[in-house]
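All remarks here apply to the structure that follows.
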2 protein chains.
Amino acid sequence: MRKQITMRDIARITGVSPKTVSRVVNNQGEISEVTRKRVQEAIETLGYSPNITARSLVQGRSNTIAVVAWGIEYYGPSRVVVGIERQADEYGYSLLLTLLRAKETDQKIRDTLKDLAARRVDGIVFAIPEFNDNRSWINEEVLNRLPPIVFLNMESRSGINIVSVDNKAGARLAVTHLLEQGRKKIATICGPLRWWEARQRLAGWKEVLDQAGFFTSGDVIAEGDWSAESGERAMRQLLESAPNIDAVFAANDQMALGALGVLHQRGIDVPDDIAVVGFDNVPDSAYFYPPLSTVDQPLLELGKVGVQKLNQMIATVRHDDDGMEKSTTLLMPKMIVRQSSYIDNLKKNSL
Amino acid sequence: MRKQITMRDIARITGVSPKTVSRVVNNQGEISEVTRKRVQEAIETLGYSPNITARSLVQGRSNTIAVVAWGIEYYGPSRVVVGIERQADEYGYSLLLTLLRAKETDQKIRDTLKDLAARRVDGIVFAIPEFNDNRSWINEEVLNRLPPIVFLNMESRSGINIVSVDNKAGARLAVTHLLEQGRKKIATICGPLRWWEARQRLAGWKEVLDQAGFFTSGDVIAEGDWSAESGERAMRQLLESAPNIDAVFAANDQMALGALGVLHQRGIDVPDDIAVVGFDNVPDSAYFYPPLSTVDQPLLELGKVGVQKLNQMIATVRHDDDGMEKSTTLLMPKMIVRQSSYIDNLKKNSL
DNA sequence: TTGTAAGCGTTATCAC
DNA sequence: GTGATAACGCTTACAA
């Protein structure tokens with residue numbers, strides 16, 4: 001990586017014009033085999049590498065999209081980023097990764113986005129979970145100054161493009177499954193309720209139980225913070241406030257894991273005494289003790305569909321079809337039944 | 001994001017030269033308060049955003065570094081990327097993320113790096129684990145055509161900059177701990193031995209046992225593939241080939257988790273009958289049943305130190321001090337003792 | 001304190 | 001098929 005070799009250098013050496021070198025590099029236009037060969041050889045031997053920055057400048061597009069994400073050290077967010085990267089790669093985009101902390105101010109978020117706009121990324125995937133009022137900065141004026149942007153996992157809303165997993169439906173799956181297993185008193189360890197996803201999962205739980213005519217009073221709800229430790233706390237609280245429960249729906253697998261630990265300590269059998277269902281289907285959940293029933297989210301797909309939608313927006317903007325309809329796409333989770341909630345008929349009969 | 005507003009536009013409107021606008025934008029040079037205000041206002045109202053691509057072109061630096069990574073859906077790799085992102089952000093670099101699959105060919109790796117060079121990233125963090133011969137492409141000729149590059153977690157080697165966690169030392173910690181707990185027949189579930197890290201961990205296990213004069217024959221070694229499922233298989237194999245073991249060192253927490261599952265099924269008590277130690281300290285490991293003793297790797301730091309080193313390389317190249325010494329930096333893991341390997345004295349006496 | 005001119009390395013346009 | 005010329009939007013020298 002000494003002095004940069006430019007197109008001009010290649011042109012001078014091979015005795016052609018820079019534009020011809022450009023044509024060879026980009027495989028465009030008709031070129032005689034002779035010159036093409038000669039140019040290509042010069043490129044090889046000199047180790048010429050086209051300066052993509054310059055190309056971006058003149059073409060007005062960077063072939064780069066940015067993802068603004070949070071918490072990629074956790075399973076869910078990192079899966080989503082993987083999906084985003086794969087689809088971006090497929091489309092030929094490079095991926096700029098920007099990580100935010102959980103509690104960023106509005107100002108910080110806007111500065112980050114402004115910076116991405118300055119870097120002239122072609123589009124942005126906003127993959128920060130919705131909580132508190134961290135969507136309050138969204139308005140037409142701000143969006144107009146930004147490249148095309150698609151939001152992941154947030155409440156449906158007009159004027160912007162969104163792709164979300166249907167968390168409420170996922171919770172419904174879990175609780176319905178528990179009802180089908182004959183459970184009657186189903187408590188929940190919900191996530192932090194300042195998170196939209198946590199509220200959705202709680203709402204799904206409530207919806208099914210309300211319809212079935214079961215209680216959903218406060219004593220069968222314990223709020224955690226997604227961590228296993230908070231799951232322990234919540235489980236202890238539930239055993240106190242509602243000792244006669246026969247099932248727990250935890251809003252994520254970590255909290256379910258914490259709950260399992262408490263149940264072991266107390267000698268409460270899972271699933272015979274209390275069934276447990278989680279949410280997320282983290283890989284380890286199949287090896288928890290006992291293997292955890294859970295709700296699988298299509299996280300890879302969430303990322304992919306997000307980029308697909310973004311790519312459409314980018315294409316639309318380019319063609320000046322100022323009219324791409326903004327919409328929300330919902331992705332469906334599915335139920336994974338394992339031993340923490342399932343008693344097979346053989347055993348059931350003998351109980 | 002309609003037509004791009006340029007410096008010229010701002011200049012024309014405020015009646016100053018483009019260069020003055022540039023000075024305002026970059027806070028450089030002395031400018032009268034009057035013009036600065038005027039320019040700034042114009043920038044605000046027009047929503048001007050400087051084109052960083054153009055700046056990169058003229059300055060010959062992109063203020064971007066790239067990370068080439070693998071498996072960020074797993075805890076370890078994602079932590080490393082987080083560390084990289086943080087340090088990059090601190091230095092003012094943007095981060096380009098490129099993900100590779102496990103089994104990429106040499107050619108694919110080289111193409112990827114070539115592309116990053118074309119994008120004129122200022123440096124590259126190569127965070128692909130070393131396995132098989134996926135380092136065989138490294139040679140001076142290739143490196144010379146690449147921006148500064150630092151390698152993470154690979155065998156020490158002259159001519160390149162490396163930052164690694166000392167996996168062998170980590171394994172030694174684990175096995176030493178088990179010996180101190182009075183264990184005498186310590187088996188291991190090692191990782192796939194085509195991985196450098198797996199070989200290191202196995203070597204650490206062997207080293208300590210050899211020194212202590214204990215057996216390390218094949219029947220106390222079972223190879224897994226890092227997955228919990230392979231941990232199950234390996235544990236079953238060990239119980240068959242060496243039924244009298246009193247401890248297992250698993251080369252990662254997932255495999256330890258699988259092993260725990262098998263031990264439960266067989267009614268073998270952990271840690272009374274068999275102690276188990278893992279490696280990685282994934283967050284969930286504190287909530288396994290029983291809580292897992294493990295070796296904590298400084299993964300965030302690995303990423304950070306990598307970027308620090310890279311930043312030095314970048315600075316060195318710029319100053320044409322062609323002489324930054326290439327070196328390997330080793331980071332030390334630490335032992336985390338939990339209940340899967342620890343019997344406190346009270347209980348010990350009563351056994 | 002501010003302006004002018006040149007150039008960064010490409011590609012687009014239009015000509016030959 | 002190939003080339004000349006003018007951008008792209010900014011910064012660096014150097015002037016004023």
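Keep in mind that what you see is a predicted model, and the values were worked out from it rather than measured. Residue numbers begin at 1 in each chain, while the letters A, B, ... track the order of the sequences.
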For the helix from dT1(C)-dA16(D) to dC16(C)-dG1(D), what is the angle between the axes at its two ends, each from 5 pairs, rounded to 10°?
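Roughly 30°, once rounded to the nearest ten degrees.
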
Could you list by number each residue of residues 34-52 of chain B showing a heavy-atom separation from DNA chain C of less than 4.0 Å, or answer none if no residue does?
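Those residues whose heavy atoms fall under 4.0 Å from DNA chain C, taken from residues 34-52 of chain B in numerical order, are T35(B).
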
Report yes if some heavy atom in the side chain of I149(A) is under 4.5 Å from a heavy atom in the side chain of I160(A); otherwise report no.
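No - every pair of side-chain heavy atoms lies 4.5 Å or more apart.
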
Spatial distance of atom CG (L152(B)) from atom CD1 (I84(B)) [nearest 0.5 Å]
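The CD1 atom of I84(B) is 5.5 Å from CG of L152(B), to the nearest 0.5 Å.
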
Which of these, T53(A), I52(A), V58(A), sits in a side-chain contact (heavy atoms from CB on, under 4.5 Å) with S56(A)?
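So the option named by the test is I52(A).
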
Check against side-chain contact (heavy atoms from CB on, under 4.5 Å), L100(A) and K108(A):
CA-CA 9 Å; L100(A) 293 179; K108(A) 169 74 178 171; 4.0 Å; yes

With a 3.5 Å cut-off and just heavy-atom distances, do the side chain of R23(B) and the base of dG3(C) make a donor-acceptor pair?
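Result: at least one qualifying N/O pair found.
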
Counting the atoms with a prime plus P, OP1 and OP2 as sugar-phosphate, which does L57(A) contact under 4.0 Å by heavy atoms, base, sugar-phosphate, or nothing?
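The residue L57(A) makes base contact.
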
Applying side chain to side chain donor-acceptor pair (under 3.5 Å), name anything that partners R12(A), two or more places apart in sequence or on another chain.
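So R12(A) forms a side chain to side chain donor-acceptor pair (under 3.5 Å) with D9(A).
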
Output the rounded distance in Å from CG (N27(A)) to P (dT11(C)).
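The answer, rounded to whole Å, is 12 Å.
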
Value in whole Å for how far the P atom of dT2(D) lies from NZ of K19(A)
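Rounding to the nearest Å, NZ of K19(A) and P of dT2(D) are 13 Å apart.
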
Could I get the full list of side-chain contact (heavy atoms from CB on, under 4.5 Å) partners for Q312(B), not counting sequence neighbours?
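Applying side-chain contact (heavy atoms from CB on, under 4.5 Å) to Q312(B) gives M324(B).
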
Donor-acceptor list for residues 60-69 of chain B side chains, cut-off 3.5 Å, not counting sequence neighbours:
residue: R61(B); atom: NH1; partner: N63(B); partner atom: OD1; Å: 2.6
residue: S62(B); atom: OG; partner: T64(B); partner atom: N; Å: 3.4
residue: S62(B); atom: OG; partner: R120(B); partner atom: O; Å: 2.7
residue: S62(B); atom: OG; partner: D122(B); partner atom: OD1; Å: 3.4
residue: T64(B); atom: OG1; partner: S62(B); partner atom: O; Å: 3.1

Can I get a per-line list of side-chain donor-acceptor pairs under 3.5 Å for residues 86-99 of chain A, giving both atom names and the distance, sequence neighbours left out?
residue: Q87(A); atom: OE1; partner: Q308(A); partner atom: NE2; Å: 3.0
residue: Y93(A); atom: OH; partner: N311(A); partner atom: OD1; Å: 2.6
residue: S94(A); atom: OG; partner: R119(B); partner atom: NE; Å: 2.9
residue: S94(A); atom: OG; partner: R119(B); partner atom: NH1; Å: 2.8
residue: S94(A); atom: OG; partner: R119(B); partner atom: NH2; Å: 3.4

